[in-house]
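Given the structure is predicted, the values throughout are model-derived calculations rather than measurements. Basis for what follows: all heavy atoms, side chains included, without hydrogens, waters or symmetry-related copies. Throughout, protein chains are lettered first and strands after them, A, B, ... in sequence-line order, and every chain is numbered starting at 1.
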Amino acid sequence: MLDAKFLRENLEEVESSLRTRGEAVNLAGFRECDTRRRGLLQESETLKALRNKVSEEISRLKDKSQAKDRMAEMREVSQRIKCLDEQLRDIEGELQGYLLTVPNIPHATTPVGASEADNVEVRKWGTVPDFSFAPKSHWEIGEALDILDFERGARLTGARFTLYKGAGARLERALINFMLDLHTGRHNYVEMLPPFMVNRESMTGTGQLPKFEEDLFRLDGVDYFLIPTAEVPVTNIHRGEILKGSDLPLRYTAYTPCFRKEAGSYGKDTRGLIRQHQFNKVELVKFTHPDRSYQELELLLSDAEQVLRLLDIPYRVMALCTADLGFSAAKTYDIEVWLPGQNTYREISSCSNFEDFQARRASIRFRESDKAKPEFVHTLNGSGLAVGRTVVAILENFQQADGTVLVPEALRPYMGGMERIC
RNA sequence: GGAGAGAUGGCCGAGUAGGUCGAAGGCGCUCGCCUGCUAAGCGAGUAUACUGGGUAAACCGGUAUCGAGGGUUCGAAUCCCUCUCUCUCCGCCA
């Protein structure tokens with residue numbers, strides 16, 4: 001959410017900046033609402049001040065019957081206030097409606113672009129494997145090794161659900177532990193295990209609601225949602241709090257399953273593990289001082305990259321352009337792994353700085369010193385990494401001519417010493 | 001699921017026959033004083049949001065907030081209703 005005051009004073013600049021996202025932006029209604037709100041507010045508050053003053057005078061009277069006419073007068077004032085406050089509530093709802101659906105302003109370093117084709121490659125790492133045979137896709141490998149069962153996954157639930165079996169299940173679990181150990185042990189993140197369902201306030205705090213409800217699984221009977229990413233519960237840990245400046249930055253990591261409806265992606269990535277309704281992810285979340293958030297973004301990105309470096313999987317880092325930027329983000333790097341089976345790079349992590357956009361929605365603040373005014377923190381998060389897609393990358397990059405798959409060395413301790421899936 | 005108790009400022013905790021309560025007191029914190037150091041002591045200060053004024057930081061004024069929402073009243077932390085959450089006991093249960 002943007003600051004209403006800032007928006008009021010910089011409406012045109014904000015509009016033109018948001019247009020680079022390729023979204024139709026019309027904030028004229030905001031300005032009108034905002035002006036009306038302040039008018040109503042002043043009228044109501046002036047009357048309240050009067051009522052408070054008169055009520056106090058009445059309280060000092062010994063003989064209340066002397067105040068009959070003033071009480072009658074105040075009765076009318078109160079009626080008027082009630083009426084004004086009702087209008088205020090409506091207009092504030094409308095104003096919130098605007099504010100909650102306006103996306104974040106892209107950071108100056110976010111490249112301007114019209115589509116994902118304009119994303120900018122930041123760096124490449126690793127050597128793309130050179131196969132002496134035609135590399136297979138992970139679903140072919142997984143089915144041949146009997147470690148991924150798409151058919152039975154669909155039987156259990158439906159399309160886009162997969163059953164992992166034997167070494168496949170073990171591989172997924174090994175990756176989760178490997179990633180968590182890396183981030184807690186070497187990158188100084190504190191491990192969290194949050195609820196996998198959250199309420200509406202939490203979803204609004206990080207920006208999934210109100211705009212993207214159709215992407216979420218919602219429970220029947222209670223107003224809870226399955227989390228689409230650990231970003232939601234972990235960022236909301238400090239919703240409504242004022243943190244100590246000396247405690248920043250806070251770094252949290254969490255493994256959670258993620259649930260997404262994938263509405264609007266019919267026909268896309270229908271085969272394999274790439275796009276599932278349920279997938280596992282290890283997430284990195286930071287709460288930082290506003291002055292340091294862009295340095296922290298680089299560090300967070302490198303923490304996520306480290307996973308792929310240790311596993312020895314080739315990847316590249318892309319800076320998303322304005323058109324490809326998520327709703328809440330000011331700047332985003334995607335990490336894309338090389339997938340030989342598909343002869344392309346695919347996203348495996350998305351690392352973003354939300355600046356104070358989420359912090360304002362969720363009211364997450366800090367005090368520089370005990371006397372200082374509270375300020376909004378900056379929130380950041382990134383996948384470290386998407387686990388299912390890491391399995392995909394391992395199967396496709398480490399496949400052998402005989403159909404087996406080598407286990408990356410760093411992962412072997414987590415696989416009970418297993419060197420090869422066969 | 002059944003029965004009961006509760007929710008007040010950073011924390012603890014007063015305040016329920018409605019008015020001078022944004023809220024006693026304590027702790028914590030900040031600044032100053034004092035003490036050879038530390039501890040103790042003394043004094044002052046110490047919520048947030050919105051909004052008006054001020055070029056603006058400072059500052060001054062107004063309004064709101066005692067779990068949330070609604071009601072009664074000239075006036076609600078205090079009375080009434082609904083909801084949420086927490087705790088205790090019983091039942092059930094991984």
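- The CD1 atom of A:I242 sits 13 Å away from the C1' atom of B:rU46 (whole-angstrom rounding).
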Please tabulate the protein-to-nucleotide N/O contacts below 3.5 Å involving nucleotides 17-23 of chain B, giving atom names and distances.
from: B:rG19; atom 1: N2; to: A:S55; atom 2: O; distance (Å): 3.1

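- The shortest distance between the side-chain N/O atoms of A:R75 and the OP1/OP2 oxygens of B:rU73 is not below 4.0 Å.
- When distances are taken from the side chain of A:K82 to each of B:rG62, B:rU51, B:rG71, the shortest belongs to B:rG71.
- Of the two residues near RNA chain B, A:R8 and A:E45, the one whose nearest nucleotide lies more 5' is A:R8.
- At B:rA76, none of the side-chain N or O atoms of A:R51 fall inside 4.0 Å of OP1 or OP2 (strictly under the cut-off).
- For the pair A:R89 and B:rA64, the criterion of a side-chain N or O lying under 4.0 Å from OP1 or OP2 is not met.
- Between A:R37 and A:R70, the one whose closest nucleotide on RNA chain B sits nearer the 5' end is A:R37.
- Here A:S44 lies out of heavy-atom contact (under 4.0 Å) with every strand.
- The distance between the ring centers of A:Y252 and A:H238 falls below 6.0 angstrom.
- The aromatic ring centres of A:F259 and A:F196 sit 6.0 Å or more apart.
- No contact: A:K53 has no heavy atom under 4.0 Å from any strand.
- Distance, A:N52 CG to B:rG75 P: 10 Å, rounded to whole Å.
- Comparing B:rU63, B:rC50, B:rU48 against the side chain of A:R367 picks out B:rU48 as the nearest.
- With a 3.5 Å ceiling on both atom-pair distances, the Watson-Crick or G-U wobble partner of B:rG25 is B:rC12.
- Pairing for B:rC87 is with B:rG4, a Watson-Crick or G-U wobble pair whose two hydrogen-bonding atom distances lie under 3.5 Å.
- Between A:L47 atom CG and B:rC74 atom P the separation is 16 Å, expressed in whole Å.
- Proximity of A:R365 to the phosphate of B:rU48: no side-chain N or O atom is located under 4.0 Å from OP1 or OP2.
- Residue A:R38 is in sugar-phosphate contact alone, with no base atom involved, counting any heavy-atom pair closer than 4.0 Å across all strands shown.
- You'll find the ring centres of A:Y294 and A:H107 inside the 6.0 Å limit.
- The heavy-atom pair separating A:V387 from A:M179 by the smallest distance is CG2-SD, 4.2 Å.
- For A:F327 and A:F212, the ring centers are positioned less than 6.0 Å apart.
- If you measure from atom CD of A:E92 to atom C1' of B:rU51, you get 11 Å, rounded to the nearest angstrom.
- If you check B:rU78 for Watson-Crick or wobble pairing at under 3.5 angstrom, you find it has no partner at all.
- Nucleotide B:rC66 forms no Watson-Crick or G-U wobble pair with any nucleotide shown, as no partner meets the under 3.5 Å limit on both distances.
- The side chain of A:Y224 sits closest to B:rC85 out of B:rC74, B:rU48, B:rC85.
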side-chain contact (heavy atoms from CB on, under 4.5 Å), that's the test. Do A:E262 and A:Q276 meet it? Break it down for me. CA-CA 8 Å; A:E262 297 295 343; A:Q276 300 277 291; over 6 Å; no
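- Applying the side-chain hydrogen bond (donor to acceptor under 3.5 Å, both in side chains) rule to A:R346 yields the partners A:D269; only residues at least two apart in sequence or on another chain are considered.
- With sequence neighbours left out, the ring pair (Phe, Tyr, Trp, His ring centres under 6.0 Å) criterion links A:F161 to A:H277.
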